[in-house]
Amino acid sequence: MKALRVGNFSGFYGDRATALREMLTGGEVDVLTGDYLAELTMLILGRDRLKDPDAGYARTFLRQLEDCLGLAHERGVRIVTNAGGLNPAGLADAVRRLADRLGVPVRVAHVEGDDLGAAHPDALAAHAYLGGFGIAACLRAGADVVITGRVTDAALVTGPAAAHFGWQPGDHDRLAGAVVAGHVLECGTQATGGNYAFFQEGDVRRPGFPLAEIHADGSSVVTKHPGTGGFVDVGTVTAQLLYETGGARYLGPDVTARLDTVRLAQDGPDRVRIDGVRGEAPPPTLKAGLNRLGGFRNEVVFVLTGLDIEAKAALVREQLADALAKAPPAEVRWDLVRTDRADAETEETASALLRLVVRDPDQRVVGRALSGAAIELALASYPGFHVLAPPGKGAPYGVFEEAYVPQDAVDHVAVLPDGRRVTVAPAPDTGAHGIAVPDPLPEPPLPEPLPPGPTRRAPLGLVAGARSGDKGGNANVGVWARSDEAWRWLAHELTADRFRELIPESRELPVTRHLLPNLRAVNFVVEGILGAGVAAQARFDPQAKALGEWLRSRHLDIPEALL
């Protein structure tokens, strides 16, 4: 059977507006997928829905579709997207109205059942992560556009593949292969050189969006349209495979994909073959994301320039102590960031930043009383006093929490183009490795260590790439070697203890290392480093996007043979 060509035109809510047209006009494609949802996005859409009950979906998708719906119909390209967010039925209706206005005869379907709000009335948004078989049911019924709410990112690919090839829930290996392809595609241009550790090896000024040629056995080839920017090689695909993953078992509602079985091979220019992926039964539970309003936060960043940085910071803290004591916020955090340099040639490089962040359930506690006290220091504090921006009245922040529900507790429904509602049964054969059970896979054997030899103190990034991201309050950092020799060194050198040494803020946190020899990679999961998730903004880099690059910049004793 002919391969199914599945492309991506959105990796997040706010991605390149012209990508849908670029993917439709750049080359052959059968299905285009748009991923708009992330933990933070669900909170944003929840707040939108508070203002307007008819909102709750990604409005930018409609603007993209208005420009491209006729073109997609002419070319026979189906569109599958989770832009429905908290209101997939509402977006499906909006797409129908748009199609009628444009005179384009498309059939629209949607998937629902992920909303768990009734069971979690205190949450702004509570949604289970559904699998791909609801999408498959819509496509098998002839839908041209399928709108979903919260499905797994990879489901946008597994659904079309299952529909095209006739896969059933028990086809674990095939489904697992599609999950891996879907995970590579889900973040758009991150698979084609975007955010890539070795970005200087190609022209990544405007990377093209990726696509995967998926075969009936679940294998695939990741590529991009000819002539588009960026590049696709084993490194870019490895980087994306490690993004926001953990151990060898990648749990999902349809299948558990074994990341330790993935084989990657260059298959020509801008083509990477993925095969060998094994699948196991999915867990008996579905992951759910709960987004709540956690309270209010305020922030002031004081700029300290020139001499006596520590003394200037101490003065500000003493001067604000009384204001903070009158109505103490639930949380007060001071951070002094020493970006200053001695004898600097510019004022900016002579300056350090003192950041004050306060949080409290009561907006008044973090609002004008604190703002007024900070601004009153303008003529009465350290020499050169100024702030990056005036503090405000306090803004709401969110808290993300993971929960798990039995697969059969969720009413997964495909609403077909003719309005019929088809119930999608839960996976019939769930595995024994439930979500609460630690990964039982034995640790793979380490490679033979490199022979002793001279070393040089140098940055880790000279011999290894990394990509990092967030999952709730946890962060993962995937690190991969670019040669077998570098892997022999990396696997022995970069232990969990070494990671804690290099990343000091992880020293008191649980850090788990997972080996993935097929990818020449180690994947670290750091629990709790992001507090209550990205919306809580617990650290300077709240999504851990650059945590991997920080790790690559740290110095180790590296064998000279690798440098």
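With hydrogens and angles ignored, the 3.5 Å screen pairs a side-chain donor or acceptor of K312 with a backbone N or O of L307. Remark: the backbone N or O of V234 is paired with a side-chain donor or acceptor of Q266 at under 3.5 angstrom. Although no hydrogens or angles enter the test, the distance criterion places a donor-acceptor pair under 3.5 Å between the side chain of T261 and the main chain of R278. Here the side chain of S10 pairs no donor or acceptor atom with the backbone of Y36 at under 3.5 angstrom. Put simply, the side chain of S468 never gets that close to the backbone of V477: no donor and acceptor are under 3.5 Å apart. Panel note: side chain T236, backbone V232; no donor-acceptor pair is recorded below 3.5 Å. Remark: the backbone N or O of P559 is not paired with any side-chain donor or acceptor of R456 at under 3.5 angstrom. The backbone N or O of A380 sits less than 3.5 Å from a side-chain atom of Q319, completing a donor-acceptor pair. Without hydrogens or angle criteria, N518 side chain to V262 main chain gives a donor-acceptor distance under 3.5 Å. Side chain of R150 to main chain of Y129: no donor-acceptor pair is present (N/O by atom type, distance under 3.5 Å, no hydrogens or angles).
Ring geometry, Y196 versus W480: the interplanar angle falls under 30°, so the pair is classed parallel (tilted spans 30 to 60°).
Side-chain contact between L130 and P253 is absent, with no heavy atoms from C-beta onward closer than 4.5 Å. Side chains of V179 and Y250 form a contact here, defined as non-hydrogen atoms less than 4.5 Å apart. Side-chain atoms of L324 and L370, non-hydrogen and from C-beta on, do get closer than 4.5 Å to each other. Inter-residue side-chain proximity for L320 and L377 is flagged as met; some heavy-atom pair is nearer than 4.5 Å. Side chains of L336 and I309 form a contact here, defined as non-hydrogen atoms less than 4.5 Å apart. Looking at V526 and F499, their side chains come closer than 4.5 Å, going by heavy atoms from C-beta outward. The shortest distance between side-chain heavy atoms of T245 and H514 does not fall below 4.5 Å. Within the 4.5 Å cutoff, the side chain of F198 has no heavy atoms near those of the D233 side chain.
Looking at every heavy atom in both residues, S553 comes nearest to H555 through O-CD2, 3.2 Å. In terms of heavy atoms, V151 sits closest to G131 at CG1-O, 4.1 Å. Smallest separation of non-hydrogen atoms from L86 and A125: CD2-CB, 4.0 Å. The two residues R520 and D484 make their nearest non-hydrogen contact at NH1-OD1, 3.0 Å. Taking each heavy atom of Q407 and P283 in turn, the nearest pair found is NE2-O, 3.1 Å. Counting all heavy atoms, side chain and backbone alike, A475 lies closest to L547 at CB-CD2, 4.1 Å.
Taking the ring centre of F524 as origin, the terminal cationic atom of R498 falls outside the region bounded by 6.0 Å and 45° from the ring axis. Taking the centre and axis of the six-membered ring of F209, the NZ or CZ atom of R16 falls outside the cone set by 45° and 6.0 Å. R355 forms no cation-pi arrangement with F540, by the criterion of a distance under 6.0 Å to the ring centre and an angle within 45° of the ring axis.
More than 12 heavy atoms of other residues, nucleotides or ligands shown are found within 6.0 angstrom of CD on E443. More than 12 heavy atoms of other shown residues, nucleotides or ligands fall within 6.0 angstrom of atom CZ in R507. Around CZ of R364, the count of heavy atoms belonging to other residues, nucleotides or ligands within 6.0 Å does not exceed 12. Heavy-atom contacts from other residues, nucleotides or ligands closer than 6.0 Å to CZ of R457 number more than 12. More than 12 non-hydrogen atoms from other residues, nucleotides or ligands lie less than 6.0 angstrom from CD of E201.
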Test side-chain contact (heavy atoms from CB on, under 4.5 Å) applied to L460 and L490, step by step: CA-CA 9 Å; L460 172 64; L490 183 74; 4.1 Å; yes
Verdict with supporting geometry, L515 and V522, side-chain contact (heavy atoms from CB on, under 4.5 Å): CA-CA 5 Å; L515 260 67; V522 289; 3.9 Å; yes
task: In sequence, state the C-alpha distance, the side-chain angles, and the governing distance for L441 and R258, and then conclude on side-chain contact (heavy atoms from CB on, under 4.5 Å).
output: CA-CA 10 Å; L441 290 174; R258 288 284 298 271; 3.6 Å; yes
query: Under the side-chain contact (heavy atoms from CB on, under 4.5 Å) criterion, do R513 and V511 qualify, and how do the steps go?
result: CA-CA 7 Å; R513 184 179 89 150; V511 176; over 6 Å; no
task: Output, in order, the C-alpha distance, side-chain angles, deciding distance and verdict of side-chain hydrogen bond (donor to acceptor under 3.5 Å, both in side chains) for D35 and N82.
output: CA-CA 6 Å; D35 183 2; N82 60 17; 2.8 Å; yes
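Comment: D362 does not engage R359 in a salt bridge, judged by the lack of any side-chain N to carboxylate O separation of less than 4.0 angstrom. One finds no salt bridge joining R333 and E331 here, because no Lys/Arg side-chain nitrogen approaches an Asp/Glu carboxylate oxygen to under 4.0 Å. The existence of a salt bridge linking E448 and R488 is excluded, since no basic side-chain nitrogen approaches an acidic carboxylate oxygen closer than 4.0 Å.
Rounded to the nearest 0.5 Å, atoms NE2 (H127) and NE2 (H120) are 10.5 Å apart. To the nearest 0.5 angstrom, L124 atom CG is 8.5 Å from R47 atom CZ. Note: N474 CG to L509 CG = 9.5 Å, rounded to the nearest 0.5 Å. The line from OG1 of T339 to CG of L353 is 4.5 Å long, rounded to the nearest 0.5 Å. Within the model, atoms CG of N476 and OG1 of T512 stand 11.5 Å from one another, a figure rounded to the nearest 0.5 Å. Remark: L251 CG to L286 CG distance equals 11.5 Å, nearest 0.5 Å.
Taking the six-membered ring for Trp, Y382 and F302 have ring centres at least 6.0 Å apart.
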